[in-house]
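Notes for the one structure printed next.
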Amino acid sequence: MANRLAASLSPYLRQHADNPVDWHEWGDEAFAEARHRDVPVLLSVGYAACHWCHVMAHESFEDAAIAAQLAEGFVAVKVDREERPDVDAVYMNVTQALTGHGGWPMTVLLTPDGEPFYAGTYFPREQFSSLLHSIGELWRDDRARVEGAARSIVEAMQTRPPADATGLGPGGDDLLGQGDRAERQLVGVDLTRAVVGLRRQFDDGRGGFGGAPKFPPSMTLEHLLRHHARTGDADALAMARRTGEAMARGGMYDQLDGGFARYSVDADWVVPHFEKMLYDNAQLLRVYAHLWRATGDDWARRVTYETADFIMRRLGTSEGAFASALDADTDGVEGLTYVWNEEELVEVLGRGDGARAAELLGVTRHGTFEDGRSTLQLRRDPAELFSPEVLGDRSPDAWWSDVRARLRSVRAERPQPARDDKVVTSWNGLAIAALAEAGMILEQPSWVAAAREAADVVLATHVVDGRLRRASLKGRVSEALACADDYGNLAEGLLVLHQANGETRHAEVAIGLLDDAARRFFDGDTVYDTGSDASQLFIRPRSDGDNAEPCGASSLASAYVMAFALTGHGEYRERALACLSGLVGVMASNPRFAGWALAAAEALAAGPVQVAVVDPADGGAAAGSVDGPPDAAEADEMWLRAWRSTSPGLVRVRGAADAGGVPLLADRPAVDGQTTAYVCRGFVCDAPVTRADEMNI
């Protein structure tokens, strides 16, 4: 019989609906039962695409003996970290403090009041059974010791300073201080020092930072690109470029179907942990579009197209938004869908093309993964290996396109990883921003249209009684309230979309979200991850820095910077500074974990740069259009230049003079009836121009 998780919104929780464990969802009911029975709570936190979560489920949670142990001595609570990042964050901090590391599945023992007294991650079955036995005895025979440990942990966590808040070194604590000195710090010394710190950790030979495992440093790459654009630092661009190409050519990137896996288990980007997350791919789509914009590299353009296609095709939901992830496993085997051996390539392509494909894609006799099979890499372009004569007079690009299509077709017939169809507000915000911006940079209106559709779905579904919610599934919205990163990332996505399509409603909703966020997440100078109306945990979560995705404070900071540039309202700049001030420590001491905060700081230091393209009142191409009056080609070239400028902190709008709801178009006429560009820096404007080559951006 299915347990109570069968009715859950979360696909991850429903994966456990057939467990013999009597699972509860997180909530008052579970803790009331624990108090009534006078037993501890076993909290298990994971997510649908997590490989080791699946392993622990198969080993322990599907085991009748383990289920009996849990039923006798515990109330078992299962949490989807993606639906309840607040619960995950609070108890992950405990886990890391107690064990020195973290990860999923996370396993925490709590008192009936939610106070933690033991924490860990994955436990093999026998070890887990032994743990349950020992904790049961301790709870029964030495309750005072357990409760004392819980009180000590709670007190320590409540008085613990934010990570890296001390010991910043000279100038670190002044990065975002007050007055003229703060501006000098922001524009020069400390932002440069952050890049110097990254340089010390950079892997020159293989790209990326540090050793194995290697995660895609999406936000750090954006930070480096913005720093290069603002300062001309060639080394910042070189680090971003080397890392971007290494990731794109390795096995972490799906060479057949597009999209990036969660991380590489090795330092060479060869073997991935195979789950594909929306938040990774949305951030990387934006990064690769910016890499192409900065360098013109063909590989960056190719990966931008393929990643956008992957997001829309593989993660697009029937409602029009974007799903959370593809699983790491297929039929319980990690990588089953994706890896190949030489014989399989020959079977699909024939002996000649199969051998050439193996050489191109790094498929070896011994394999690079498991059981003699290999992940697919593209370390060199086909033209570097093969001449048209070798390929039967086919061009290398045409040959590879045909080979790729044939392999992808056969792979599609293999068992496929499951998809977590949960629509997360924050991650859809990242996707909306990425698709809208990449679509404008590369002149792909269908990407902008996909971003618009996703925005409409999220706004129609995830706003309940004026309060943004965290997630939905097939139109059914979660009870979980949205967190700070949901507000920040969605607001930024809407502001980018407003710039792309000219619809003022997106800007109006975004500004409303940011004003609401100031009321819900700010307490004086402190920015919290959960709202003032959220259910109270033993500590209110507050992010110390960025991790796999922007934290609440940095996502809000970035959106406030953009709102300031678009509206000119100084309170948004002040809110951005308030958000960043809480992240000063990690920005100064460990910039790898402050990528988005530093990217926002770069935009703040460089901007605002504002471009208003004003069309004549009697016609003129609408934003993103290719139609219009005789000067439409020149007008569209001005608009394209506005999107292809690498200037950090730049915003752009297009429309008729004095268009309602667009401050940057106010009192700016079209000169001599021609489409006119106004370029302003720090609210000081150049003379209006009517030719693209006269725009100074």
Side-chain angles (χ1 to χ4, degrees), residues 194-225 227-228 233-256 258-277 280-281 283-285 287-288 290-292 294-295 297-304 306-307 328 334-335 338-340 358-364 366-370 373-382 384-385 546-548 590-595 598:
V195 175
V196 172
L198 289 169
R199 187 68 187 82
R200 287 195 293 267
Q201 300 179 60
F202 184 65
D203 185 339
D204 285 286
R206 296 169 290 200
F209 301 89
K214 275 188 175 168
F215 291 81
S218 314
M219 293 162 284
T220 292
L221 298 184
E222 181 65 24
H223 160 222
L224 290 170
L225 289 170
H227 185 77
H228 163 72
D233 184 340
D235 204 35
L237 178 61
M239 286 189 284
R241 191 178 195 177
R242 176 74 184 94
T243 301
E245 184 169 14
M247 291 195 303
R249 293 191 179 280
M252 194 181 77
Y253 181 68
D254 188 339
Q255 305 296 342
L256 298 186
F260 288 85
R262 175 75 279 270
Y263 64 87
S264 173
V265 301
D266 59 279
D268 289 302
W269 311 102
V270 175
V271 177
H273 197 41
F274 286 92
E275 71 259 45
K276 293 181 178 178
M277 314 300 295
D280 283 322
N281 284 282
Q283 292 178 89
L284 288 167
L285 169 60
V287 165
Y288 278 91
H290 292 170
L291 273 166
W292 176 78
T295 67
D297 288 331
D298 287 341
W299 55 263
R301 184 177 185 274
R302 170 179 61 83
V303 171
T304 303
E306 292 173 1
T307 305
E334 189 175 15
Y338 301 103
V339 293
W340 299 76
E359 181 182 1
L360 177 69
L361 296 170
V363 177
T364 68
H366 298 292
T368 59
F369 184 54
E370 298 171 353
R373 308 183 88 200
S374 297
T375 60
L376 301 187
Q377 305 170 67
L378 193 65
R379 298 295 183 178
R380 290 177 289 179
D381 290 327
E384 297 178 57
L385 286 178
D546 300 312
N547 201 322
N590 203 350
R592 281 177 62 189
F593 295 96
L598 286 161

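Since this is a predicted model, take the numbers as computed values, not measurements. The first residue in the sequence is number 1, and the count goes up from there.
- Put simply, the side chain of Val195 reaches to within 4.5 Å of the side chain of Met239, judged on heavy atoms.
- Using a 4.5 Å cut-off on side-chain heavy atoms (C-beta onward), Asp297 and Glu245 make no contact.
- Distance alone, capped at 3.5 Å, is enough to place a donor-acceptor pair between the Trp269 side chain and the Arg206 backbone.
- With sequence neighbours excluded, the residues that form a side-chain contact (heavy atoms from CB on, under 4.5 Å) with Ala212 are Ala267.
- The closest donor-acceptor contact from the side chain of Lys214 to the backbone of Met247 lies at 3.5 Å or more, if one exists at all.
- Contact of the Arg249 side chain with the Asp381 side chain is registered, since non-hydrogen atoms from C-beta on lie closer than 4.5 Å.
- Aromatic ring centres of Tyr253 and Tyr288 lie farther apart than the 6.0 Å criterion allows.
- With a 6.0 Å radius and a threshold of 12 heavy atoms from other residues, nucleotides or ligands, Asp298 has its CG atom at or below the threshold.
- Although no hydrogens or angles enter the test, the distance criterion places no donor-acceptor pair under 3.5 Å between the side chain of Lys276 and the main chain of Asn281.
- Judged purely by atom type and a 3.5 angstrom limit, Gln377 has no side-chain atom pairing as donor or acceptor with the backbone of Met252.
- Counting heavy atoms from C-beta outward, Arg199 and Asp204 have side chains that approach closer than 4.5 Å.
- Residues satisfying the ring pair (Phe, Tyr, Trp, His ring centres under 6.0 Å) criterion with Tyr263, sequence neighbours excluded, are Phe215, His273.
- Looking only at distances, no side-chain donor or acceptor of Gln201 sits under 3.5 Å from a matching main-chain atom of Pro591.
- Residues Phe209 and Pro217 meet the side-chain proximity criterion, which asks for heavy atoms closer than 4.5 Å.
- Judged by distance alone, with hydrogens and angles left aside, the side-chain atoms of Asp266 form a donor-acceptor pair with the main-chain N or O of Asp268 at under 3.5 Å.
- Put simply, the side chain of Thr375 gets close to the backbone of Val270: a donor and an acceptor are under 3.5 Å apart.
- Between the side chain of Asp233 and the backbone N or O of Ala236, at least one donor-acceptor pair lies under 3.5 Å.
- Here the side chains of Thr295 and Leu237 are in contact, with some heavy-atom distance below 4.5 Å.
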